[in-house]
Amino acid sequence: GEGGAGTFSDGKLSTQVKDPKHYGRKVLQEFVAADAPPEILYVSKPHIGTFRLVKMIEQMRAQIATLGGEFRFESRVDDIEIEDGRVRGVRLAGGEFIAASHVVLAVGHSARDTFRMLHKRGVFIEPKPFSLGFRIEHPQSVIDRARFGPSAGHPVLGAADYKLVHHAGNGRAVYSFCMCPGGTVVAAASEPGGVVTNGMSQYSRNERNANAGIVVGIEPKDFPGIENSPLAGIDFQRHWEARAYELGGGDYSAPAQLVGDFLAGRPSTALGSVTPSYKPGVKLTDLSASLPDYVIAAIREALPAFERQIKGFSMHDAVLTGVETRTSSPLRITRRDDFQSMNTLGLFPAGEGAGYAGGIMSAAIDGMKVAEAVALHLLGRDDITGGNRRGPSDDY
């Protein structure tokens, strides 16, 4: 959809990136100019939600068009032409070639066809860590009581959130990811024959359940076949997504299990007090075969530890829904200090898919930095070959 996956998301606008030049403030100001709620300029954890994001993106597109930008929908880039280590343009699925000496590659973390094309073209790519796990759902009221105590339910406080981490005995880190107060678990598969979960909240955050990813960090050394391809992380993701599809019954239902049964090591046969929000639905099963053994072991150890921080977290009826595999890009399209690809001049990898961001704000900030780098080259302040400075030319 327009704006990428970030538009159809929870709309969190908080970030932990270092930002000494205050790019993030500029991003928020542009969002407010596009009709985002002014409160995002001062609340500690700004959040918008899909309904508002969709309208904002439309307004931003209109502003870009007014400034001379052009948008081409339904125009997939199938190839990049590279000559003597320099980008020369892009070829669209319909056959059209667009000549360009500067290409900003701002694909998302699930652009697997583009990743394979870049690898085939010899663009430098390296694997990077990401995480695997499940979505967990509790009644929002349980989280509110644990976090706010007697003040739970007060309209000023809204829906409570949390952030948790546990270092398991097997050396794995388990942490909550993309916590969505009063939200829903959503389908996020981008290929046939796979099941992927994600989570989101609308601006109101008034749905019945709270959800979050409970995920385990993995390293490239965990990927089978890593010796032969920097794309091994994609194959690793795809393997577990296909396994979730199988466990879910092969109709895009997601495999699910009650937390109590997961901890006891037995399949679930009936839901309890928590109704899963995932559409088209869930199939109760045993999730122990849905992810690597070390991931299952780490999560089983972490859930009781999280209970000590949030009462009710490991309640029997809480629901785990599998699988969460797209926490971040499984690779990095590595770039130099001037933001160009390591070995392809004029190609500027940017954002989450390139391995340099992890959410709306960090991707926007990275995009601004890349835009500045491109502008410097276009102004002739830095020859893209890395040689002597020169003024603008027709080639630019």
Side-chain angles (χ1 to χ4, degrees), residues 2-4 6 15 17-27 29-31 34 57 60-61 63-72 75-77 79-92 96-109 111 114-115 117-118 121-125 329 331-358 360-396:
E2 183 175 20
T15 181
V17 300
K18 295 180 180 179
D19 188 20
K21 294 186 177 181
H22 307 291
Y23 288 96
R25 185 68 177 178
K26 172 65 172 174
V27 174
Q29 289 170 341
E30 291 292 337
F31 281 7
I57 294 298
M60 294 173 77
R61 167 164 56 92
Q63 176 69 3
I64 291 171
T66 298
L67 295 170
E70 179 183 344
F71 291 81
R72 298 197 181 192
S75 301
R76 188 182 68 239
V77 171
D79 204 359
I80 293 181
E81 184 172 308
I82 300 169
E83 182 180 317
D84 297 327
R86 182 194 295 264
V87 67
R88 290 302 186 188
V90 299
R91 190 167 301 280
L92 306 185
E96 180 184 2
F97 180 74
I98 302 176
S101 58
H102 293 69
V103 173
V104 176
L105 187 69
V107 295
H109 63 40
T114 302
F115 295 152
M117 177 270 289
L118 294 169
R121 285 281 170 251
V123 175
F124 187 84
I125 296 173
S329 181
L331 53 81
R332 177 172 287 114
I333 306 169
T334 317
R335 63 194 187 195
R336 313 183 314 183
D337 290 343
D338 62 0
F339 293 88
Q340 294 182 89
S341 161
M342 287 290 289
N343 67 345
T344 307
L345 299 175
L347 183 66
F348 293 80
E352 189 163 4
Y356 289 95
I360 293 173
M361 284 295 290
S362 57
I365 290 169
D366 192 65
M368 292 171 68
K369 293 178 179 179
V370 169
E372 289 179 346
V374 173
L376 288 175
H377 291 297
L378 290 171
L379 291 170
R381 290 178 57 182
D382 204 353
D383 179 6
I384 65 170
T385 64
N388 297 326
R389 298 175 185 272
R390 71 182 189 188
S393 69
D394 291 341
D395 189 45
Y396 281 64

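Values reported hereafter were calculated over all heavy atoms of this structure, with side chains retained and with hydrogens, waters and symmetry mates removed.
The distance from the CG atom of Asp19 to the NZ atom of Lys26 is 13.5 Å, given to the nearest 0.5 Å. Here CZ of Phe124 is found 7.5 Å from CG of Asn343. Values are rounded to the nearest 0.5 Å. Atom CZ of residue Arg332 and atom CE of residue Met342 lie 12.0 Å apart, to the nearest 0.5 angstrom. Atoms CG and CE, from Asp79 and Met117 in turn, are 5.5 Å apart once rounded to the nearest 0.5 Å.
Two residues are said to be in side-chain contact when any heavy atoms from C-beta on lie closer than 4.5 Å; Phe339 and Leu376 fail this criterion. The side-chain heavy atoms of His102 and Phe348, taken from C-beta on, include a pair separated by under 4.5 Å. Looking at heavy atoms from C-beta onward, Val123 lies in side-chain contact with Ile82 at the 4.5 angstrom threshold. A 4.5 Å side-chain heavy-atom check between Lys369 and Tyr356 finds every atom pair outside the cut-off. For the pair Phe115 and Ile333, the minimum side-chain heavy-atom distance is below 4.5 Å. In this structure, Leu105 and Thr114 have side chains that are in contact, with non-hydrogen atoms separated by less than 4.5 Å. Proximity of Leu92 to Val77: side-chain heavy atoms (C-beta onward) are separated by under 4.5 Å at one or more points.
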Could you go through the side chain to side chain contact (heavy atoms under 4.5 Å, CB included) check for Val370 and Arg335 one step at a time? CA-CA 11 Å; Val370 169; Arg335 63 194 187 195; 3.7 Å; yes
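With respect to Lys21 and Glu372, no salt bridge is recorded, no charged nitrogen being found less than 4.0 Å from a carboxylate O. Ion pairing of Asp338 with Arg336 is present here, as a side-chain N (NZ or NE/NH1/NH2) and a carboxylate O approach within less than 4.0 Å.
Side-chain atoms of Gln340 come within 3.5 Å of backbone N or O of Gly346 as a donor-acceptor pair. Checking side-chain atoms of Asp366 against main-chain N and O of Ala350 turns up no donor-acceptor pair under 3.5 Å. Side chain of Ser329 to backbone of Gly353: a donor-acceptor contact under 3.5 angstrom is found.
Taking all atoms of both residues into account, the shortest heavy-atom contact from Val87 to Ser101 is CG1-O, 3.5 Å. In plain terms, the two heavy atoms of Met361 and Val27 that are nearest each other are SD-CG1, 3.6 Å. Heavy atoms only, all atoms of each residue included: Ala354 and Pro349 are closest at CB-CB, 3.6 Å. Between Ser341 and Thr344, the shortest heavy-atom distance links the atoms OG-N, 3.2 Å.
Between Ile98 and the choices Arg91, Glu81, Arg72, the side chain to side chain contact (heavy atoms under 4.5 Å, CB included) rule is met once, by Arg72.
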